[in-house]
Amino acid sequence: MQASKLFDPVKLPGYNTKSVLWGIPFILGGEDNSVCLKSGEADIPFENEITAARWLVFLHAAETPQPAAGNDGIYQNFKGVPPISETICEYIIYYSDKSEVSVPVRSRMEINDMQLSWGQGAFLAVPHIRATAFQTVTDDIYAGRTPKMSWGQSQYRTESAGSGGESFNKWLYAWENPYPDKIISGITVKHHNGNLFLFGITAGNISQHPLRYGRRRKFAFSINSEIDGNANLLDLADIDLGHIISVIPRPFYNNQEWEKSYNNQQPEYRKGEYIAEFNAHDDAILYIGSHGEKIPVAVNKMPDNIISINPAEQPVKLIVNGPDGAPVPVKVHAHGRAGEYLPPRNRHRIPNPYWFEDYSVDFVHGQHWCTYIDGAAEYLLPHGEVFFEISKGFEILPVRQRFDITAETREIIINLENILDWRSKGWVTADTHVHFLSPDSALLEGEAEGVNIVNLLASQWGELFTNIGDFNGKRETASDRDYLVRVGTENRQHILGHISLLGYDGSMILPLTTGGPDESALGDPVDITLTEWAKQSRLQNGLNILPHFPNPRAEMAATIVSDLIDGVEMTSWGDLYGGISPYSLSDWYRYLNCGYHVAAVGGTDKMSANTAVGTVRTYAKINTGEPFSYQAWKNAVKAGNTFATYGALIDMRVEGREPGGKIELKSKAGLTVEWTVASVTIPVTAVELVINGETAEAVRFDKLLGSRSGYFNVKVDSSSWIALRIRGHHADKPEIITAHTSAVMIYIDGKPPLNAADAITILEQIEGVTAYVKHLGTKAQEKQYKQVILSLTSAHRSLHNRLHQLNYYHNHTPEDHHDRH
Ligand SMILES: [Zn+2]
Ligand SMILES: [Zn+2]
């Protein structure tokens, strides 16, 4: 801690230990020679001459007598423990001109007890340990530092030492000297009550109360020296009479082009550029930099490498109106001219991006920080320009807008336009995969992201069980605007795979995990398969989704072959720019190639604030005229009329048939594929026609925003499937697959497609799983074990028999030795 140069410690007889408290230098006595006064009085001459002292700061503490309770345990005329305003002593201040002044020293006023229970702070004195800022435990662990406390508490990012409890406090009291021009020669301490301990005195020539700091302020600074990647950024700034609140890398936004930049576009990082926040005494000195090159900075006179940031103190209400003119939930980001994040008053100033730590309604997109609001929010904003970003899903044009905040600004209003309204055509959006949020937080985030349905999934992670109390097996948490949250479960096994059982009725389907780490707990047996979980979910009216398809890439092959899967999930996690993975598609195409007509859905697997609900999402079309409901959505996904998307919307019809539909042909034929593609977020660059997994045709666009329609004419000469794949990207990002429809199946002569090479890979996958269960997986009790094997062999047999019926030859593996062939 830096010591202020504006103080002159008083040298008391026998005192010689230098110390700095609250940025104030002291010379303290050792343990044995502090003044301890239990009666009478003590004269204490000053060994150095104290002149021009506007303030004397005393470091002292008391032990006040305990009050006595009556026989009933009640105190009469109770003054508290310690009592308020009990005089402990008085300090008689002597001036060299023989005049004197008496200073009363009263408990919980100028002094307080060394040991206190909670909530007994002093009114005119402060504990000797100042509050400090620090990083969270997880920040510390990731940087290789030793955390100082538990992670929950560390999210305060502040340690307020000396507030009571078990700590041993000394107290600083600053007395304003009415005669600062006189020389002070010494003091006499006169005892009144209890015990007094005087540890030190210092004199300050400082304009205002030395223990009273100002409001929060920020500044941006740059340093030239290299910073160790694991350095604690809080060490880059220090201050004598104040607190450093935070030091974070400074985000650089292109404020000039703000309105033209796109939603979620991240700011730039620049080496050596930071924003620090502090609060301080007017006479404080700031020190910045590392490796010894600290630069003193008078708070009010900043040098060139420091940019003072207007304090955010103007109360302003933000209102965001939807297309119908009423306030609607949205995602919001705001920053000031230096790039400093401006959150609403009740949101994190530094949101926590870590796994299972904080389920706040924030979105941490690298250094681009956002939060979710219900249509209105209270801000404290700086005067000058502020930059807002508002978004609400894939159908409403995101807004980046600037405002000039003045002393008169009370309210800012942002109006959203509905550019695409696919809800009115029956489309319902959903995230199939969200963890940890409370149902109401998920509802707010879903509504703000334009996601009608959030599937919140309870699960087990080793010995950790999450969202268990949120599961009710019967009802949704809903708003009155076609938004709802339903809690299902994600049942998981680290080798066999994961399955999301959405919105089923009745009891929770157990076990939530099997077979040991890293999903299940040590020693848990493999006592159920995905296939059996899926069967149970069907009995309970559930929707069965394979999350983060196809990984873990194993038993889901059996579950799909058993016709128990309604959708395969394209998953984003926190990646806004990766698009639908070609790896996921390649695996899904194998099943379509074998006639397993499984829909594509989108889900985020959100597990922390670094993933936004609905980053990739499911569009499902409910039947015309059917009112919005969770059941209607489940029916739409089961029917397969869906697409998964990062932003592009896509409507496809093959001979009038929508995705999930089937066309029966007697023989080969020509078909028309009509499509409409639209986007107000990621520009579209290509619409590709996919037949049996191969790109049959494509139309390219020069970054299309808005809507476009067209058609393809195709010929099919064998049983096939047809889907559309959309590509697109922002100008500064590589092209990705932004959307993919589910398939329309074409049966010729009543037969589904069957690609023998793909079928064999599916069989091999099931054989691998069977081998695992037979030889390696923790064995369940005999009855369950047999059931597990049975579910795998019957799935294997169903596809195997289809192959044999068509007289395909294939090698049988040792796990598949059956006698008849
Ligand atoms: Zn999973
Ligand atoms: Zn998950």
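Read the numbers this way: they start at 1 and go in the same order the structure lists the ligands and their atoms.
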Please tabulate, one pair per line, all N/O donor-acceptor pairs under 3.5 Å involving side-chain atoms of residues 448-457, not counting sequence neighbours.
residue	atom	partner	partner atom	Å
Glu449	OE2	Tyr372	OH	2.5
Asn452	OD1	Thr429	N	2.9
Asn452	OD1	Thr429	OG1	2.9
Asn452	ND2	Asp482	O	2.8
Asn455	OD1	Tyr630	OH	2.6
Asn455	ND2	Asp431	O	3.3

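- The side-chain heavy atoms of Asn491 and Thr513, taken from C-beta on, include no pair separated by under 4.5 Å.
- Under a 4.0 Å N-O distance rule, the pair Lys331/Asp362 does not qualify as a salt bridge.
- Nearest to the Zn ion (ligand 2), among the N, O or S atoms that His435 has, is NE2.
- Ring geometry for Tyr262 versus Tyr577: interplanar angle over 60°, hence perpendicular rather than tilted (30 to 60°).
- Close placement of the Tyr354 and Tyr142 rings is indicated, their centers lying within 6.0 Å of each other.
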Legend entry - Trace of the salt bridge (Lys or Arg N to Asp or Glu O under 4.0 Å) decision for Lys779 with Glu782: CA-CA 8 Å; Lys779 200 176 166 190; Glu782 204 56 29; 3.5 Å; yes
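- Only protein N, O or S atoms were considered, and those under 2.8 Å from the Zn ion (ligand 1) are Glu490 OE2, His498 ND1, His548 NE2.
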